[in-house]
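Here is the naming used below: chain letters follow the sequence lines, and residue numbers restart at 1 for every chain.
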Amino acid sequence: MRFVDEFRDREKAQVLAARIAALCEPGRRYGLMEICGGHTHTIYKHGIEDYLPEAVQLVHGPGCPVCVIPMGRVDDAIWIAEQQGVTMTSFGDLLRVPGSRGSFLDATARGADIRMVYSPLDSLRIARDNPDRRVVFMAIGFETTSPSTAMTVLRAAAEGLENFSVFCNHVTIIPALQAILASPELHIDGFIGPGHVSTVIGCEPYRFIAAERGRPFVVAGFEPLDILQSIQMLLLQLREGRSEVENQYTRVVSWEGNQKALQAIDEVMEPRPTFEWRGLGWIPDSAMRIREKYARFDAERLFDIPAARVADPPACQCGEVLRGIIKPWECRVFGTACTPETPIGTCMVSSEGACAAYYNFGRFSRQRVRQATPA
Amino acid sequence: MTERTEQDVLERIERVRRRRPRVTDERITLSHGSGGRATHTLIEALFLEAFRNPLLEPLEDQAVFSVGASRLAFTTDTYVVSPLFFPGGSIGDLAVNGTVNDLAVSGARPLYLSAAFVLEEGFPVADLRRIVASMAAAAERAGVQIVTGDTKVVQRGKADSCFVNTAGIGVLERPVHLSVSAAHPGDAVIVSGPVGDHGITIMLARGELGIESDLRSDTAPLTELVGLLLDAAPQARFIRDATRGGVATICNELAQASGVAVILDEEAIPVRPEVRGASEILGIDPLYVACEGRFVAVVGRDEAGPAVEALRSHPDGGAAAVIGRIADDPPGLVLVKTGFGGMRIVDMLVGDPLPRIC
Amino acid sequence: MCLGIPGEVVALDIDRPGMATVNVAGARRQVNVMLVEEERVQPGDWVLIHVGFALAKIDEEEARLTLSHLEEMGQAYRDELRAISQSRID
């Protein structure tokens with residue numbers, strides 16, 4: 001596959017691994033945070049940590065839009081799905097996320113009409129094809145995904161659809177990063193930046209991290225070589241005493257971002273005064289809601305959702321995992337009470353949650369494997 | 001210090017995973033039907049618990065027993081696929097080939113099938129004719145006869161148009177004893193062709209994902225291919241056809257039952273470009289996607305080369321390949337060496353692989 | 001977040017402006033290309049697809065530069081290794 005396979009080349013990986021090792025100062029340890037859940041997934045899926053020296057530790061960040069949805073919002077979505085005449089549509093990522101009364105899949109078992117879609121446009125098509133159903137799209141995601149929801153609402157408006165609405169749970173990345181930086185327990189030397197969010201917002205928004213907080217920031221692509229190269233660029237900055245925002249993902253990310261996408265978001269959505277993030281608490285200006293102008297497409301206005309605040313189960317340490325304070329296996333219920341089969345928290349059920357990634361891909365002792373598979 | 005503590009956690013997890021499975025759900029969900037962990041828990045904790053007997057316990061895809069001087073293989077499967085008709089075949093083809101294959105992979109010669117239909121009120125007779133015609137053709141191709149059957153009709157809304165159950169009987173004429181617990185360190189893991197064709201075809205045929213391709217289901221009888229394999233590799237340990245849950249699920253079943261590690265080589269696994277493309281778009285892993293005309297086999301290291309060569313001599317086996325090997329450590333786990341050169345686990349999924357956007 | 005896949009634009013939809021057929025290794029899907037309108041995407045161009053929308057046009061020259069930079073790094077590395085091994089022979 002073009003633009004994919006070339007960036008999975010093993011030889012180039014070995015070169016980068018050598019460069020990375022050479023850039024590590026003896027005796028120093030480096031904590032690099034990969035913000036984006038998609039990066040966490042790639043790192044585990046391709047076994048990228050096998051190319052890193054012990055001195056370089058990757059810390060998983062909060063960029064998993066499924067992981068940060070509080071249980072109360074999942075409950076609200078399920079409540080909507082259970083209303084008369086409603087067809088709820090959702091990305092596959094959400095179907096197993098547990099609310100306080102079970103997941104979307106459990107709700108389907110109880111009789112709710114919940115359908116998986118690949119794109120919000122598919123949800124629109126379902127609305128068009130089923131004028132007697134109230135079709136609701138469960139919108140999640142960072143700035144990568146909000147433009148698509150926004151464009152879909154604009155499309156719905158242009159077509160005059162009367163049975164389509166969006167339950168908006170879009171969140172924004174910068175406030176999450178600020179919350180991470182404010183966290184005193186965290187020692188991050190540099191950031192592997194979210195490549196696809198950056199196709200929309202560009203690289204400028206991260207400037208404060210490098211300039212004011214003195215941490216190097218490299219916007220990274222999602223193929224293994226992209227991630228390794230970004231790590232090499234971060235270590236080079238640290239070695240040279242620089243702290244800048246650099247763009248590794250130049251084939252897709254521009255410094256200014258995608259203006260059309262930003263305009264679409266701005267036309268349809270506005271920031272909420274505050275929003276609750278699982279594990280990070282209430283963060284101001286960190287999430288989007290549908291503007292008054294498009295009220296007829298806003299599920300929160302059309303439905304009288306319970307909006308109950310549900311606390312995480314006491315055993316759940318997702319918050320600490322999301323902030324990178326503990327590793328997945330350090331969570332007291334990891335792998336025992338909390339497994340992909342019986343998830344307690346979202347980090348375990350979301351395909352890009354750090355716990356799921358580690359449990360499904362990384363849960364083995366590398367020492368043992370190195371013995372079992374010579375060269 | 002860190003290594004030891006993480007090791008403690010990993011060991012604790014393995015102990016928990018080895019505990020007796022229990023079903024705690026109040027209701028059946030779709031995960032229970034996907035062939036992954038939820039299915040296995042249901043089978044072990046509910047069905048095996050209730051029916052327990054020595055023939056059932058190995059939980060192979062077929063039961064093998066002696067009647068008089070003959071060794072017989074006996075199996076059953078129910079087909080509930082939607083849509084009923086898809087590129088490459090129909091529920092009828094699956095119903096015949098699937099049961100034939102469950103017999104063939106035990107080394108048996110499939111002989112007779114039963115066919116039971118549950119039809120929804122209102123189901124078009126023309127569609128039923130098409131399904132039955134495809135079953136007749138598939139049976140002829142597979143060299144079996146459908147000798148008994150049943151038909152039930154249920155009220156509209158109760159059966160999603162047509163469900164088919166087939167049961168099959170075959171005779172074991174070879175002195176093979178294939179078993180999921182027979183893998184040894186050093187053995188080779190073989191797949192008979194490209195993986196994921198059927199599952200992706202079905203996913204795309206449902207239409208909701210809006211993706212098109214020229215893919216067709218790989219539904220086919222495996223009897224001849226199994227015969228070629230056993231001729232070339234008489235010491236073969238294990239053969240299973242990869243259906244729900246895909247190659248990854250079989251390897252996990254193997255690793256656990258035999259107490260070995262299965263180490264796969266990602267680059268060696270044959271995958272058609274369209275399966276890869278669709279999987280990349282959807283964010284799913286072809287290793288977990290269902291096939292309907294492929295098997296995974298474990299043979300001794302020395303027999304691997306001749307086995308693959310024999311498979312490749314058959315029109316359906318052109319892409320057969322060694323995809324991995326059996327090791328002794330870490331036992332019970334499936335690992336894959338990625339094309340990139342790193343290692344990751346291939347765990348059993350809870351339920352169906354779901355497309356993701358993240 | 002953000003499963004974005006490179007796909008090749010096969011055809012622009014004449015009946016529905018703003019939509020295009022995009023091909024990923026033989027899997028084809030209708031994709032909304034209005035967010036990359038200004039790039040004047042044509043058949044043969046590659047775009048980054050996310051949930052049925054093209055978010056960016058892939059800059060093939062930049063892709064080539066990234067890879068060739070890595071290739072040079074590889075060459076420099078091999079030169080270094082050779083220099084080291086030669087200096088040891090002395």
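No part of B/Ile211 comes within reach of chain A, as not one of its non-hydrogen atoms sits under 4.5 angstrom from that chain. Contact of B/Thr24 with chain A is not made at all, since no heavy-atom distance falls under 4.5 Å. Within the 4.5 angstrom heavy-atom criterion, atoms from both the backbone and the side chain of A/Asn360 approach chain B. Of the atoms belonging to A/Ile43, not a single heavy atom falls under 4.5 Å from chain B. Looking at A/Ile126, neither its backbone nor its side chain comes within 4.5 Å of chain B, counting heavy atoms on both sides.
No salt bridge links B/Glu280 with A/Lys45; every basic N to acidic carboxylate O contact stays at or beyond 4.0 Å. Using a cutoff of 4.0 Å between basic side-chain nitrogens and carboxylate oxygens, B/Glu267 and A/Arg10 are scored as salt-bridged.
The distance from the CD atom of B/Glu6 to the CD atom of A/Glu330 is 8.5 Å, given to the nearest 0.5 Å. Distance check, rounded to the nearest 0.5 Å: OH of A/Tyr44 to CE of B/Met343 gives 16.0 Å. Summarising the geometry, atom CZ belonging to B/Arg12 is positioned 5.0 Å from atom OG1 belonging to A/Thr336; distances are rounded to the nearest 0.5 Å. Separating the OG1 atom in A/Thr342 from the CZ atom in B/Arg37 is a distance of 9.0 Å, to the nearest 0.5 Å.
With a 6.0 Å radius and a threshold of 12 heavy atoms from other residues, nucleotides or ligands, B/Arg301 has its CZ atom at or below the threshold. Within 6.0 Å of CZ in A/Arg8 there are more than 12 heavy atoms belonging to other residues, nucleotides or ligands.
Nearest heavy-atom pair across B/Gly342 and A/Tyr51 is N-CE1, 4.0 Å. The minimum heavy-atom distance between B/Thr338 and A/Gly47, with the atom names listed, is CG2-N, 4.4 Å. For the pair B/Glu208 and A/Asp122, the tightest heavy-atom approach, listed with the atom from each and the gap, is O-OD2, 3.5 Å. Of all heavy-atom pairs between A/Val4 and B/Arg276, the closest is CG1-NH2, 3.7 Å. Minimum heavy-atom separation, B/Phe340 to A/Asp9: CE1-O, 4.1 Å.
Contact count versus chain A (heavy atoms, under 4.5 Å) is highest, among B/Leu209, B/Thr29, B/Leu30, for B/Leu209. Counting heavy-atom pairs under 4.5 Å between each of A/Arg96, A/Glu11, A/Arg125, A/Gln14 and chain B puts A/Arg96 at the top.
Relative to the six-membered ring of A/Phe361, B/Arg344 meets both conditions, a distance below 6.0 Å and an angle of at most 45° to the axis.
For the pair A/Tyr118 and B/Leu282, the minimum side-chain heavy-atom distance is below 4.5 Å.
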Would you check, one step at a time, whether the test side chain to side chain contact (heavy atoms under 4.5 Å, CB included) holds for B/Asp347 with A/Tyr359? CA-CA 8 Å; B/Asp347 202 358; A/Tyr359 190 96; 3.4 Å; yes
